[in-house]
There are 2 protein chains.
Amino acid sequence: MRLSTKGRYAVTAMMDIALHNDVGPVTLADISQCQGISLSYLEQLFAKLRKGGLVEGVRGPGGGYRLARPASEISVADIIQSVDEKLDMTKCGGRGNCSRGETCLTHQLWFELSCNLYRFLSGIKLDQYVNRPEINELVKKQDRQYGRFINRPQAMA
Amino acid sequence: MRLSTKGRYAVTAMMDIALHNDVGPVTLADISQCQGISLSYLEQLFAKLRKGGLVEGVRGPGGGYRLARPASEISVADIIQSVDEKLDMTKCGGRGNCSRGETCLTHQLWFELSCNLYRFLSGIKLDQYVNRPEINELVKKQDRQYGRFINRPQAMA
DNA sequence: TAAATTCCTGACTAATTTAGTCAGGAATTA
DNA sequence: TAATTCCTGACTAAATTAGTCAGGAATTTA
């Protein structure tokens with residue numbers, strides 16, 4: 001069982017944006033450099049995040065992406081599902097017609113697993129991480145290292 | 001996030017064996033036909049399950065596979081991990097050196113997710129399902145449909 | 001208004017993983 | 001000795017993931 005980098009990247013990028021939400025839009029170029037993700041690939045992911053209503057793009061100089069709603073209303077499950085990762089572990093999409101029309105021997109197991117997963121991930125909102133001191137430390141360190149937001153006073157607060 | 005058919009097949013096959021544990025060894029040919037899994041592929045999976053100490057093979061006519069320990073001591077996590085599926089969702093293997101030696105922004109999140117997953121799946125043992133009436137119904141139906149164990153009286157009990 | 005910046009799109013390619021095939025040998029039973 | 005079943009390793013096909021590339025559209029600032 002694995003989480004592809006697609007979902008991983010998406011959550012990381014969203015976290016980056018959430019952590020700078022008070023500073024202003026964050027460019028994909030910044031995220032690319034700072035989090036080590038290919039820019040073109042990020043663009044593909046953000047097309048989906050936009051369609052999913054999680055972020056909005058701001059074009060032109062000084063633009064970038066910002067959250068489309070408060071960080072407290074964006075869960076990790078929302079993000080992962082937006083980029084097409086499914087949290088459903090049944091092979092039948094929960095319909096129970098997995099084995100020649102009947103449910104398969106393990107249907108119930110995967111169904112319960114999916115519920116567990118969904119409950120867990122939809123309970124985690126971005127703001128929970130934004131408020132953790134150790135994560136804030138990490139971000140400030142990154143920002144200094146890459147000289148991000150160097151001309152925006154709030155960022156240095 | 002997805003569970004590959006590798007893990008899914010492995011658990012299904014193990015469930016099949018557990019459900020016939022009182023009848024005797026179950027052949028891969030039977031599992032293949034009944035659960036719709038390619039025989040050669042099953043053989044690959046069972047090589048791993050054997051190495052993992054979950055099943056033992058019995059060669060020769062009347063042979064097959066049986067559980068290497070009681071169904072109450074085999075968890076779904078055991079099975080999935082035996083066939084190389086990882087339950088670790090961090091990309092650093094839990095070591096925390098994900099982003100140029102430091103932990104990445106999302107390390108903690110994936111770590112907590114992994115713990116949750118592992119706790120859930122290692123809490124589910126095969127015998128819990130063997131004892132569910134609806135699953136027993138399903139198996140008996142399958143057995144009749146494919147004429148399995150037709151010459152072994154216990155199976156029809 | 002021109003230049004710079006950034007989002008935005010679609011088509012393409014490379015790499016990896018998953019799923020499955022094939023050929024044949026080894027142990028056991030009847 | 002013949003049938004059955006496990007067991008092994010090498011190979012192939014298909015799917016998915018990850019990433020590239022080329023270029024256009026909107027916006028801001030000079």
Side-chain angles (χ1 to χ4, degrees), chain A residues 1-13 16-17 20 24-52 54-68 80 83-86 91 148-149 151-152, chain B residues 1-13 17 20 24-68 80 83-86 91 148-149 151-152:
Chain A
M1 200 149 110
R2 65 190 266 266
L3 180 70
S4 66
T5 68
K6 195 172 11 173
R8 201 190 303 278
Y9 284 172
V11 175
T12 302
D16 190 317
I17 293 176
H20 295 101
V26 178
T27 69
L28 292 187
D30 267 5
I31 297 178
S32 167
Q33 184 183 37
C34 214
Q35 309 302 337
I37 307 172
S38 131
L39 176 59
S40 306
Y41 198 41
L42 273 176
E43 286 179 335
Q44 285 178 49
L45 298 182
F46 273 78
K48 292 181 177 170
L49 293 171
R50 211 176 337 111
K51 271 174 203 148
L54 300 185
V55 294
E56 43 191 34
V58 181
R59 297 188 185 195
Y65 277 100
R66 65 173 158 239
L67 301 182
I80 292 182
V83 293
D84 287 348
E85 293 263 7
K86 308 241 166 71
K91 74 173 167 199
R148 272 168 101 181
F149 303 114
N151 47 356
R152 301 200 201 174
Chain B
M1 201 147 108
R2 66 189 267 267
L3 179 69
S4 66
T5 70
K6 194 171 10 173
R8 200 189 304 276
Y9 285 172
V11 175
T12 303
I17 293 176
H20 296 102
V26 179
T27 69
L28 292 188
D30 267 6
I31 298 177
S32 166
Q33 185 185 37
C34 213
Q35 310 303 337
I37 306 172
S38 136
L39 176 58
S40 307
Y41 198 41
L42 273 176
E43 288 180 332
Q44 285 177 50
L45 298 182
F46 272 78
K48 292 181 178 171
L49 293 171
R50 210 173 342 107
K51 272 175 202 147
L54 298 185
V55 293
E56 43 191 34
V58 181
R59 296 187 184 194
Y65 276 100
R66 63 172 160 240
L67 302 183
I80 292 183
V83 295
D84 289 349
E85 293 263 8
K86 308 242 166 72
K91 73 173 169 200
R148 272 170 101 180
F149 303 114
N151 47 356
R152 302 199 201 175

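Below, read A as the first sequence line, B as the second, and so on, with proteins coming before strands; counting in each chain starts at 1.
- The interatomic distance linking B:L28 (CG) with D:dC7 (C1') rounds to 10 Å, in whole Å.
- Between B:L3 atom CG and D:dT16 atom P the separation is 15 Å, expressed in whole Å.
- D:dA18 is paired with C:dT13 under the criterion used here, namely a Watson-Crick or G-U wobble arrangement in which both key atom distances are under 3.5 Å.
- A donor-acceptor contact shorter than 3.5 Å links the side chain of A:R8 to the backbone of A:L3.
- The phosphate of C:dT9 has OP1 or OP2 within less than 4.0 Å of a side-chain N or O from A:R50.
- Distance, B:L42 CG to C:dA19 C1': 12 Å, rounded to whole Å.
- Pairs engaging residues 25-36 of chain A under the salt bridge (charged side-chain N to carboxylate O under 4.0 Å, His left out) rule: A:D30-A:R148 [sequence neighbours left out].
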With sugar-phosphate taken as primed atoms, P, OP1 and OP2 and all else as base, the protein-contact string of nucleotides 20-30 of chain C at under 4.0 Å (heavy atoms; B, S, -) is BBB---BSBB-
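- Each of C:dT6, D:dT17, C:dC8 was ranked by its minimum atom distance to the side chain of A:S4; first place goes to D:dT17.
- The side-chain contact (heavy atoms from CB on, under 4.5 Å) test applied to B:L45 returns B:K6, B:Y9, B:V83, not counting sequence neighbours.
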Which pairs of donor and acceptor atoms, one on a side chain in residues 31-43 of chain A, lie under 3.5 Å apart (sequence neighbours left out)?
unit_1 : atom_1 : unit_2 : atom_2 : d
A:S32  : OG     : A:I37  : O      : 2.7
A:Q35  : NE2    : A:D16  : OD2    : 2.8
A:Q35  : NE2    : A:Q142 : OE1    : 3.0
A:S38  : OG     : A:Y41  : N      : 3.1

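- Here B:Q44 contributes atom CD and B:L49 contributes atom CG; the two are 12.0 Å apart, rounded to the nearest 0.5 Å.
- With sequence neighbours excluded, the residues satisfying salt bridge (Lys or Arg N to Asp or Glu O under 4.0 Å) with B:R66 are B:E56.
- Rounded to whole Å, atom P of D:dT16 lies 12 Å from atom CZ of A:R2.
- In this structure, C:dT28 and D:dA3 make a Watson-Crick or G-U wobble pair, each of the two defining distances being under 3.5 angstrom.
- Atom CD of A:Q33 is separated from atom P of C:dT6 by 13 Å (rounded to the nearest Å).
- The residue B:F46 sits apart from the nucleic acid: no heavy atom pair falls under 4.0 Å.
- Atom pair A:K48:NZ and C:dC8:C1' shows a separation of 15 Å (rounding to whole Å applied).
- Residue A:K6 contributes atom NZ, which lies 16 Å from atom P of C:dT17 at whole-angstrom precision.
- Annotation: ring-ring contact (aromatic ring centres under 6.0 Å, His included) contacts involving residues 43-63 of chain B, sequence neighbours excluded, comprise B:F46-B:Y65.
- Put simply, B:Y65 has no side-chain N or O that comes within less than 4.0 Å of OP1 or OP2 on D:dT5.
- Rounded to an integer number of Å, the gap from B:L45 CG to D:dC7 C1' is 14 Å.
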